[in-house]
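Reviewing the structure listed below.
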Amino acid sequence: MSRAQAGGVPAGPVRTGVTVRVPAKVNVQLAVGAARADGFHDLANVFLAVGLYDEVTATPADELRITCSGPDAAQVPLDTTNLAARAAAALAERYGIDPAVHLHIAKDIPVAGGMAGGSADGAAALVACDALWGTGASRDELLGICAELGSDVPFSLVGGAALGTGRGEKLTPIEVGGTFHWVFAVADGGLSTPAVYGEFDRLTAGTEVPEATASPALLAALRSGDFAALAGALSNDLQPAALSLRPSLAQTLAAGTEAGALAALVSGSGPTTAFLVPDEETAEKVAAALLASGTCRNARVAGSPAPGAHVI
C-alpha cells in the first residue's frame with residue numbers, strides 16, 4: 001500500500017517546500033455529556049472555521065524539527081509534543097518514510113485559547129508532509145490519522161462547518177447559508193483543556209448530566225445564514241467551568257456585549273471569548289471597545305465559514 005520507494009525516498013515528483021494554510025475554529029455549540037469510562041466526554045460539538053490562520057511550511061531536512069514565529073510563538077512547544085511533529089511522524093511511519101522534515105509554523109491563531117491552534121498545526125503539517133513526500137494518502141487516511149492525534153484535528157482538516165460527535169472527531173458536514181462576523185478577545189495566558197473539563201466534572205458532580213445533542217435551532221440558523229437566530233442559539237457547556245477557573249472572563253464578555261455584540265461566549269475551553277456581530281462595521285467597533293476596556297490582550301475580527309487545511 002505504501003508508495004514510498006526503497007530506502008525511504010517517496011515516489012512521485014520531488015518538492016522543495018510546501019506551505020499549508022489552516023483556520024482557527026469557534027464552537028458555536030459545545031454540548032458536553034457525562035465523563036465516560038475512558039475519561040473523555042461524549043460531545044455534540046458544532047464547529048465553525050473562522051478566518052484566522054496559521055501557516056505551516058514543510059521543507060526537507062536532516063531530521064524532524066519544528067520552528068515557530070508570530071504572536072505567542074514563545075508558548076509553542078518545539079519538541080515531539082507539538083501536534084505538527086506528531087502528525088509528520090505518524091504519516092512517515094505509515095508510509096515507511098524517514099520523517100526528516102523542517103516544519104515552520106507561522107502562528108496567528110491564539111495559543112491555548114480554545115480556538116484549536118495546536119490542532120490546526122497538526123492538520124496542516126499532515127497535509128504539507130503528504131504533499132512534500134508524495135505519499136498520495138487518501139482523505140479518509142488523513143482523517144484517520146487526524147482522529148488519532150486529537151479530537152479537534154479532523155475538523156481543522158475539513159474546515160467549513162461540521163457537527164463533531166464522540167470525542168468531537170466524528171464529523172458530519174453542516175451547510176452554512178451565509179457569512180457570520182465575529183470578534184475574538186484574546187486573554188492573557190492560556191487555559192488547560194484538561195483542567196477545564198476537570199472543573200466541568202467538579203461542577204456537575206452529583207447531578208444528572210444530559211446527553212449531548214445538537215440544537216435544531218442552531219443548525220437551522222447556520223443553514224439559513226440568520227445571524228440573529230444564531231445569536232439566540234449559541235451555547236457552551238464548558239463556559240461555567242472556564243469562568244470558574246478564570247472569573248475575569250465575565251468582564252470581557254460583558255464589555256463586548258455592551259459594545260454591541262449580539263451574543264458572547266467562551267470559545268471552546270477558553271480563555272478566548274467570541275462575540276457574534278451583525279456586520280464588519282460593528283465588528284471593528286466591538287473590537288475597539290474591547291481593547292479600550294482593558295479586559296483582554298488583543299481583539300481580532302474574522303468572518304466564517306473558512307476553508308480547511310489547504311496548500312497555498
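In what follows, every heavy atom counts, from backbone to side chain, and hydrogens, waters and symmetry copies are set aside. Positions are given from 1 along the sequence.
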Task: Nearest heavy-atom neighbours spanning Ala84 and Ile105 - done: CB-CD1, 4.2 Å
- [ ] Taking the side chain as every heavy atom from C-beta outward, state whether Thr80 and Arg86 have any pair of such atoms under 4.5 Å apart.
- [x] no
TODO: To the nearest 0.5 Å, tell me how far Leu52 CG sits from Asp108 CG.
DONE: 6.5 Å
Task: Plane angle bin for Trp182 and Phe184 - parallel if under 30°, tilted between 30 and 60°, otherwise perpendicular - done: parallel
Task: Under 3.5 Å side-chain donor-acceptor pair for His181 and Thr282 - done: no
Task: Atom pair CG/CG of Leu30 and Asn236 - distance to nearest 0.5 Å - done: 4.5 Å
Task: Glu93, CD atom: more than 12 neighbouring heavy atoms under 6.0 Å - done: no
Task: Lys/Arg N to Asp/Glu carboxylate O, Arg223 vs Glu175, below 4.0 Å - done: no
Open item on the list: Taking side chain to side chain contact (heavy atoms under 4.5 Å, CB included) as the criterion, tell me which of Leu132, Leu157, Leu91 meets it with Val127.
Closed with: Leu157
Task: Phe200 and His41 aromatic ring geometry - parallel, tilted or perpendicular at 30°/60° bounds - done: perpendicular
Open item on the list: Can a donor-acceptor pair be found, under 3.5 Å and without considering hydrogens, that links the side chain of Ser293 to the backbone of Leu290?
Closed with: yes
Task: Contact check, side chains of Leu262 and Val277, non-hydrogen atoms, under 4.5 Å - done: no
- [ ] Rounded to the nearest 0.5 Å, what's the gap from CG on Leu265 to CG on Leu249? Could you check?
- [x] 11.5 Å
TODO: May I ask you to check whether Phe227 and Phe180 place their ring centres under 6.0 Å from each other?
DONE: no
Open item on the list: If you compare all heavy atoms of Ala88 against all heavy atoms of Leu103, which two are closest, and at what distance to 0.1 Å?
Closed with: CB-CD1, 4.0 Å
TODO: Would you tell me whether Thr81 and Asp79 have side-chain atoms, one donor and one acceptor, within less than 3.5 Å of each other?
DONE: yes
- [ ] Report yes if some heavy atom in the side chain of Val158 is under 4.5 Å from a heavy atom in the side chain of Arg139; otherwise report no.
- [x] yes
Open item on the list: Measuring from atom CD of Glu199 to atom OG of Ser269, what distance do you get when rounded to the nearest 0.5 angstrom?
Closed with: 13.0 Å
Open item on the list: For the backbone of Thr207 and the side chain of Thr204, can you confirm whether one donor and one acceptor N or O come within less than 3.5 Å of each other?
Closed with: no
Task: Test: Asp54 and Arg21 ion pair at under 4.0 Å - done: no
Task: Nearest heavy atoms of Cys146 and Val153, plus distance in Å - done: O-CB, 3.5 Å
Open item on the list: Could you go through Arg36 and Asp42, starting from their C-alpha distance and side-chain angles, then the distance that decides it, and tell me whether this counts as salt bridge (Lys or Arg N to Asp or Glu O under 4.0 Å)?
Closed with: CA-CA 7 Å; Arg36 308 187 315 201; Asp42 281 320; 2.9 Å; yes
Open item on the list: Could you check whether any side-chain N or O of Thr252 sits under 3.5 Å from a backbone N or O of Thr295, counting only pairs where one atom can act as donor and the other as acceptor?
Closed with: yes
Open item on the list: Counting C-beta onward and ignoring hydrogens, is there a side-chain heavy-atom pair between Val186 and Cys296 closer than 4.5 Å?
Closed with: no
Open item on the list: Between Thr57 and His104, do the side chains contain a donor N or O and an acceptor N or O under 3.5 Å apart?
Closed with: no
Open item on the list: Do Leu243 and Leu253 make a side-chain contact, defined as non-hydrogen atoms from C-beta onward lying under 4.5 Å apart?
Closed with: yes
Open item on the list: Between Ser304 and Ala306 (side chain of the first, backbone of the second, donor and acceptor by atom type, cut-off under 3.5 Å), is there such a pair?
Closed with: no
- [ ] May I ask you to say whether Arg167 pairs ionically with Asp38, meaning some side-chain N is under 4.0 Å from a carboxylate O?
- [x] no
Open item on the list: How long is the straight-line distance from CZ of Phe155 back to CG of Leu143, given to the nearest 0.5 Å?
Closed with: 12.0 Å
Open item on the list: Using only atom types and a distance under 3.5 Å, with no angle test, would you say the side chain of Asn45 pairs donor to acceptor with the backbone of Gly164?
Closed with: no
TODO: Please examine the side chains of Val20 and Ile312, heavy atoms only from C-beta on, and report whether any two atoms are closer than 4.5 Å.
DONE: no
Open item on the list: Test of understanding: clusters of I, L, V, M, F, W, Y form through side-chain heavy atoms closer than 4.5 Å, transitively. Do Val101 and Leu126 belong to the same one?
Closed with: yes
Task: Residues, nucleotides or ligands: over 12 heavy atoms within 6.0 Å of Asp62 CG - done: no
Task: Interatomic spacing from CD in Gln29 to CG in Leu48 - rounded to 0.5 Å - done: 12.5 Å
